[in-house]
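Encoded as C-alpha cells, the structure appears first; notes follow it.
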Number of protein chains: 2
Amino acid sequence: MKPSNTRTSSLTRDRGDATRQRILTAAATVLSTKGYAATRLSDIAAEAEVRTPGVYYYFASRDELIAEVMRVGQRRVREHVESALASVPDDAGPRERIRVAVEAHLRVELELSEFATAVTRNTSQLTEQVRGAQQAESDRYHRMWRTLLETARSEGLLLPDLDLGIARMLVIGALNWTPEWWRTSTDSIDVLVATAQSIVCAGLFGIPADPGDGGSTFDSMLNS
Amino acid sequence: MKPSNTRTSSLTRDRGDATRQRILTAAATVLSTKGYAATRLSDIAAEAEVRTPGVYYYFASRDELIAEVMRVGQRRVREHVESALASVPDDAGPRERIRVAVEAHLRVELELSEFATAVTRNTSQLTEQVRGAQQAESDRYHRMWRTLLETARSEGLLLPDLDLGIARMLVIGALNWTPEWWRTSTDSIDVLVATAQSIVCAGLFGIPADPGDGGSTFDSMLNS
DNA sequence: GTCTATAAGTAGATAGAC
DNA sequence: GTCTATCTACTTATAGAC
C-alpha cells in the first residue's frame, strides 16, 4: 500500500504547499486583470509575495503555471454550474434548468472566481500547447450545455428553427463577454442575472420566464 | 489656401503610401489570428513583406501601429452597420432595424474585415493608452445601438423588464464572441446570421422574427 | 524609402548560497 | 524552500548606408 505514484513523483509539480496555491491564485488574479499579454512572471511573484525564481520551485515554466490556471478555472466554472443544476428539483423543466445555468455561469465568472475570469479573458491569446491543457475541461462544459439544450428541444420547448450548436455558442458568448464590461463594484449583479435570464429564455423559448418563477414580473408581454 | 496642417506635417505618420497600408493590414491580420500577446513586430513586417525597421518609417512605435489598427477596425464596424441601417426602408420598425444591425455586425466581423476581428479579440489585452485611442469610436458605436434599443422601447415593442444597457452589452457580447469559435471555412455564415437574429429578436421582443420577413419559417411558436 | 547592423532593454530561466 | 546573482534569448527601436 505504498503511495508510490500519487505524489512527490513528478519533478517540480504537485506539492500540496500553501505557497504553491498562493502562486496559482496570484497568477489567476494577474491574468484576469492585466491579461495574458501584460502578465509578467515577476507580477505574479510579487502578488504572491515571492521572488520570481521561487515560482520555479513549483512550476516548470511560465506556460505550465498559466496552463494550470486555465485548467482550474475551466473546471471551477463547470463544477459550479453543475453543482447549481444538481440542486434544481427533479420536476423542474429545461427552462428552469437553463435559467439556473445562466445565473451560475455569471456568478462564478464575475463574483466567485478570478480563475474563471482568467480563462474567459485569455483563452484566445494562448499558444496552441497551453490551450490544449484546458480543452478537455472546456469540452466537458460544452457537452453539459448541449445536453441542456437537447433536452429542451426533445420536449418541444425550443423555438423550432434554432441551430442548437450555434445557439449554445451565442448564449455562452454573451455570458463570457460580461467580464469585458461588467464592473462588479458599480452595479448590482442581480439585475444582470435577471436580464440575462430573461433574454436567454425569451431568445431560446420565445417566452421570457417560467410562470410562477421567482422574481419576475411578467404578466402580459404579448401586447406589442 | 495653403494645405498647411493637412498632411506631411506630423513626424512619421499620414503618408498615404501603399506600403503603409500594407503594414497596417498585415498588423490587422496578425493581431486577428495570433492575438496581441503573440504579435511580434517582425511577424507584421514579414506579413507585409518589409524588414522590421521599415515599419518605423510609417509608425512611431509598435503601440502606435496597433492603436491605428484598433481605430480603423472599430470605425469599420460602425460604418458598416450604419451603412446597412441606412438602406433599411424608412417604414421598417425597430425590430427589422435590429435584425439588420445583427447581420451587419456579424458579417463585418467574420467575413469582411480582419480589422474588426483584431479589435474584438484584443481590446481587453491592450494598455490603457492604446485602448484610449479606440474609445471614441467605440462609444459612438454603442450610442448607435443604444438608440436602436431606445426607439424600440419608446414604441412599446421591447419586453418590459429589460435593462437596456445590460441588454445591449449582452447582445453585442454574443456577437463579439463569435470570432472565438466560428470557423468561416467550415460552416455557412447564413445559418449563424439567421440564428443570431432569431435569438436576439426573441430575446428582446419576445417574438422571434418579423411577420413577413425574408427567410424565416415561423408559423407557430407558441405551441410549447 | 528601405535596407543592414546593432544598440538597449526586458523577461524567462538557471546556478548555487543559505 | 526561498533567496541573490546572473545568464540567455528575444524584441523593440535606432543609426546610418544605399
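A note on names: the letters A, B, ... follow the listed sequences, proteins ahead of strands, and every chain is numbered from 1.
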Starting at [atom1] of [X] and ending at [atom2] of [N], how long is that distance when rounded to a whole Å?
{"X": "A/D43", "N": "C/dT10", "atom1": "CG", "atom2": "P", "answer": "13 Å"}
{"X": "B/E64", "N": "D/dA13", "atom1": "CD", "atom2": "P", "answer": "10 Å"}
{"X": "B/R62", "N": "D/dT14", "atom1": "CZ", "atom2": "C1'", "answer": "18 Å"}
{"X": "A/R22", "N": "D/dT2", "atom1": "CZ", "atom2": "C1'", "answer": "11 Å"}
{"X": "A/Q21", "N": "D/dG1", "atom1": "CD", "atom2": "P", "answer": "16 Å"}
{"X": "B/Y58", "N": "D/dT12", "atom1": "OH", "atom2": "P", "answer": "19 Å"}
{"X": "B/R40", "N": "D/dT12", "atom1": "CZ", "atom2": "P", "answer": "6 Å"}
{"X": "A/I44", "N": "C/dA13", "atom1": "CD1", "atom2": "P", "answer": "11 Å"}

Handout entry: C/dT2 phosphate, OP1 or OP2, under 4.0 Å from B/R51 side-chain N/O
Key = no
Practice task
Examine C/dG1: is either OP1 or OP2 under 4.0 Å from a nitrogen or oxygen in the side chain of B/Y56? Give yes or no.
Solution key: no
Handout entry: A/Q134 versus A/T123, side-chain donor and acceptor atoms under 3.5 Å
Key = yes
Exercise for the section: Report yes or no: do A/E109 and A/T120 form a side-chain donor-acceptor pair below 3.5 Å? Expected result: yes
Handout entry: Heavy atoms of other groups near B/E79 CD, more than 12 under 6.0 Å
Key = yes
Fill in the blank from the handout: Of C/dA5, D/dG1, C/dG12, the nucleotide closest to the side chain of A/Y57 is D/dG1
Exercise for the section: Taking only the side-chain heavy atoms of A/L41 (C-beta and beyond), determine which of D/dG1, C/dA13, D/dT11 contains the nearest atom. Expected result: C/dA13
Practice task
Select base, sugar-phosphate, or nothing to describe what A/T52 touches, counting heavy atoms under 4.0 Å on all strands.
Solution key: nothing
Exercise for the section: Would you mind classifying the nucleic acid contact of B/T19 as base, sugar-phosphate or nothing, using non-hydrogen atoms under 4.0 angstrom? Expected result: sugar-phosphate
Handout entry: Ring-face cation of B/R51 near B/Y57 (centre distance under 6.0 Å, axis angle within 45°)
Key = no
Handout entry: Degree of bending, the helix from C/dG1-D/dC18 to C/dC18-D/dG1 (end axes from five pairs; round to 10°)
Key = 0°
Handout entry: Sidechain N-carboxylate O distance under 4.0 Å for B/R78, B/E137
Key = yes
Handout entry: Side-chain ion pair, B/E47 and B/K34, N-O less than 4.0 Å
Key = no
Practice task
Please answer whether the main-chain N or O of B/A37 pairs with a side-chain N or O of A/Q125 as donor and acceptor at a distance below 3.5 Å.
Solution key: yes
